Protein chains: 2
Amino acid sequence: MPPYHHGQLRTALLEAAERSLRENGEEQLSLRELAREIGVSHAAPRRHFPDRQSLLYALAETGFARLDEQLRAAVAAAGEGYVPQLRATVKAYITFATDDAALLELMFSSKHRPGAEQVVAAAEPAFTLLYGLIVRGQAEGRLAAGDPERIGLVMFATMQGIATLINTGLARPELLDDLVETAVEQFVGNVKASSVRSG
Amino acid sequence: MPPYHHGQLRTALLEAAERSLRENGEEQLSLRELAREIGVSHAAPRRHFPDRQSLLYALAETGFARLDEQLRAAVAAAGEGYVPQLRATVKAYITFATDDAALLELMFSSKHRPGAEQVVAAAEPAFTLLYGLIVRGQAEGRLAAGDPERIGLVMFATMQGIATLINTGLARPELLDDLVETAVEQFVGNVKASSVRSG
DNA sequence: ACCTGAACACCGTTCAAGT
DNA sequence: ACCTGAACACCGTTCAAGT
């Protein structure tokens, strides 16, 4: 018979929730079902997550952390060149986002209730990475001049949008590489035509 | 006392649902509550929408139709110039998308169940409009050459992503005009630097 | 053809009580 | 400090029956 105290319930809930989210989407995720799977009463999760939403927020937060990791790994593996690093970043982002569409939706679903601030904060490292990439691109004359934050937001928006299009079925997944390339060309296009000719 | 047959139940449901969606989001939308508001039994909606999801699909479809209308109106009001028309389109899209964030989410939420095909089909006119804008831009030497569908997808993605960023709170709404301008410059930037100097 | 009313199987949330 | 069990107020969905 199982012990009265689970001991790892918080972790177990997060793991089960992550799998459920990936497999069946946010709507299908049920606290009672997670509790059943784990073998605990339906009221037990309350100690760790006061309500369903707080569990979802936690998933979104770890999602942003993992996204940041994967982006940094992609940059590190891309070598020294600026355009290859930029391309790797864009591709890594979209790959992450299309690999777990439900998680991406959760991360970007517009929740304005109190508690979402932590999610916004969790998104910051990924933004900082992007910001650095832009500042460097401008310093090396690869990107057009301008407010890096604004350019970074538009870049992030483009990647996010491409992922959404693929996840929605509005763009076929096979187009991923083409779309990545088109996006990258758009980012570096301003300069490419005037001051830089080849990669 | 109300008549046994409502007569306009389908329309009444759609209107009430649209308002509920805008005010409280998709999760809060309840068929039973809509039925109560309208003054009909909780089982009555079933005649018109077999389940909750089909009502949501219907909202997404009319959303795309309205989006298309607003985009065309914006283009028509923008005058003859290409860049003004492009800018007006981008701004109209993002304005639509941020005016009713829940509807946008619904329109783009990734549903792969049967029934979503109609939603995808409803999105087509807006895409066609964009496609035409791109073909014209290329013909006039304002946009870089390349597969118009690919460029259109990336353009759509950029607009959609900017809207998502604003709706999520990752970008402040006041940045809207700046972000629109940055996006437009990105679209026409390739050409501006080499063959076209001024607007 | 359209709507009702009761019934079923689920939820999330709350709270006194147990260990 | 952590978990249970019963209770509450909601859902979506189904279906025989009413008009």
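What you see below is based on every heavy atom in this structure, not just the backbone, and it leaves out hydrogens, waters and symmetry mates. Order of the sequence lines fixes the chain letters, A, B, ..., with proteins taken first and strands second; residue numbering starts at 1 for each chain. All values derive from a computational prediction rather than experimental measurement.
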Counting side-chain heavy atoms from CB outward, which of C/dT4, C/dC11, C/dG12 is closest to A/Glu33?
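Side chain of A/Glu33 sits closest to C/dC11.
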B/Ser41 side chain, from C-beta outward: closest of C/dT13, C/dC3, D/dT4
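The answer is C/dC3, which lies nearest to the side chain.
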Could you check whether any side-chain N or O of B/Ser20 sits under 3.5 Å from a backbone N or O of B/Ala16, counting only pairs where one atom can act as donor and the other as acceptor?
no
Any donor-acceptor N/O pair, B/Arg22 side chain to B/Asp99 backbone, under 3.5 Å:
yes
Please state how far atom [atom1] in [X] lies from atom [atom2] in [N], giving the value in whole angstrom units.
X	N	atom1	atom2	answer
A/Arg36	D/dG5	CZ	P	14 Å
A/Leu29	C/dC10	CG	P	17 Å
A/Gln28	D/dG12	CD	C1'	12 Å
A/Leu13	D/dC2	CG	P	13 Å
A/Gln53	C/dC11	CD	P	18 Å
A/His6	D/dC2	NE2	P	13 Å
B/Ile38	C/dT4	CD1	P	11 Å
B/Leu55	D/dC11	CG	P	15 Å

Dump every N/O contact between nucleotides 17-19 of chain C and the protein below 3.5 Å, one line per pair.
from: C/dG18; atom 1: N2; to: A/Tyr4; atom 2: OH; distance (Å): 2.7
from: C/dG18; atom 1: N3; to: A/Tyr4; atom 2: OH; distance (Å): 3.3

Considering only nitrogen or oxygen atoms on both sides, find all protein atoms under 3.5 Å from nucleotides 6-8 of chain C and state each distance.
from: C/dA6; atom 1: N6; to: B/His42; atom 2: NE2; distance (Å): 2.8

Closer than 4.0 angstrom, basic N to acidic O: yes or no for B/Arg150 and A/Glu185?
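A/Glu185 and B/Arg150: not salt-bridged.
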If we only count heavy atoms from C-beta on, is the B/Leu86 to B/Arg142 side-chain gap below 4.5 Å?
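SC-SC contact between B/Leu86 and B/Arg142 ruled out.
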Worked check of ring pair (Phe, Tyr, Trp, His ring centres under 6.0 Å) between A/Tyr57 and A/Phe49:
CA-CA 10 Å; A/Tyr57 282 148; A/Phe49 302 99; over 10 Å; no
Could you pull out all residues at least two apart from A/Arg172 that satisfy salt bridge (Lys or Arg N to Asp or Glu O under 4.0 Å)?
A/Glu174
OP1 or OP2 of D/dC3 less than 4.0 angstrom from a side-chain nitrogen or oxygen of A/Arg10, does that happen here?
no
Is the phosphate of D/dC10, meaning OP1 or OP2, less than 4.0 Å from a side-chain N or O of B/Ser30?
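Answer no for this pair, as no side-chain N or O of B/Ser30 is under 4.0 Å from OP1 or OP2.
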Both A/Asp51 and B/Gln8 contact DNA chain C. Taking the nearest nucleotide for each, which residue is further toward the 5' end?
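Its nucleotide being nearer the 5' end, the pick is B/Gln8.
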Inspect the surroundings of CD in B/Gln8 and state if more than 12 heavy atoms from other residues, nucleotides or ligands are less than 6.0 Å away.
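12 or below, so no.
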Return the minimal non-hydrogen interatomic distance between A/Leu103 and A/Gly63, and the atom names on each side.
CD2-CA, 4.1 Å
Shortest non-hydrogen contact from A/Ala88 to A/Ala78?
CB-CB, 3.7 Å
For D/dT13, what is the paired nucleotide under Watson-Crick or G-U wobble rules, both distances under 3.5 Å?
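Partner of D/dT13: C/dA7.
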Partner lookup for D/dT19, please. Criteria are Watson-Crick or G-U wobble with both distances under 3.5 angstrom; report none if nothing qualifies.
C/dA1
Would you call the rings of B/Tyr93 and B/Phe156 parallel, tilted or perpendicular, where under 30° means parallel and over 60° means perpendicular?
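It falls in the perpendicular class, over 60°.
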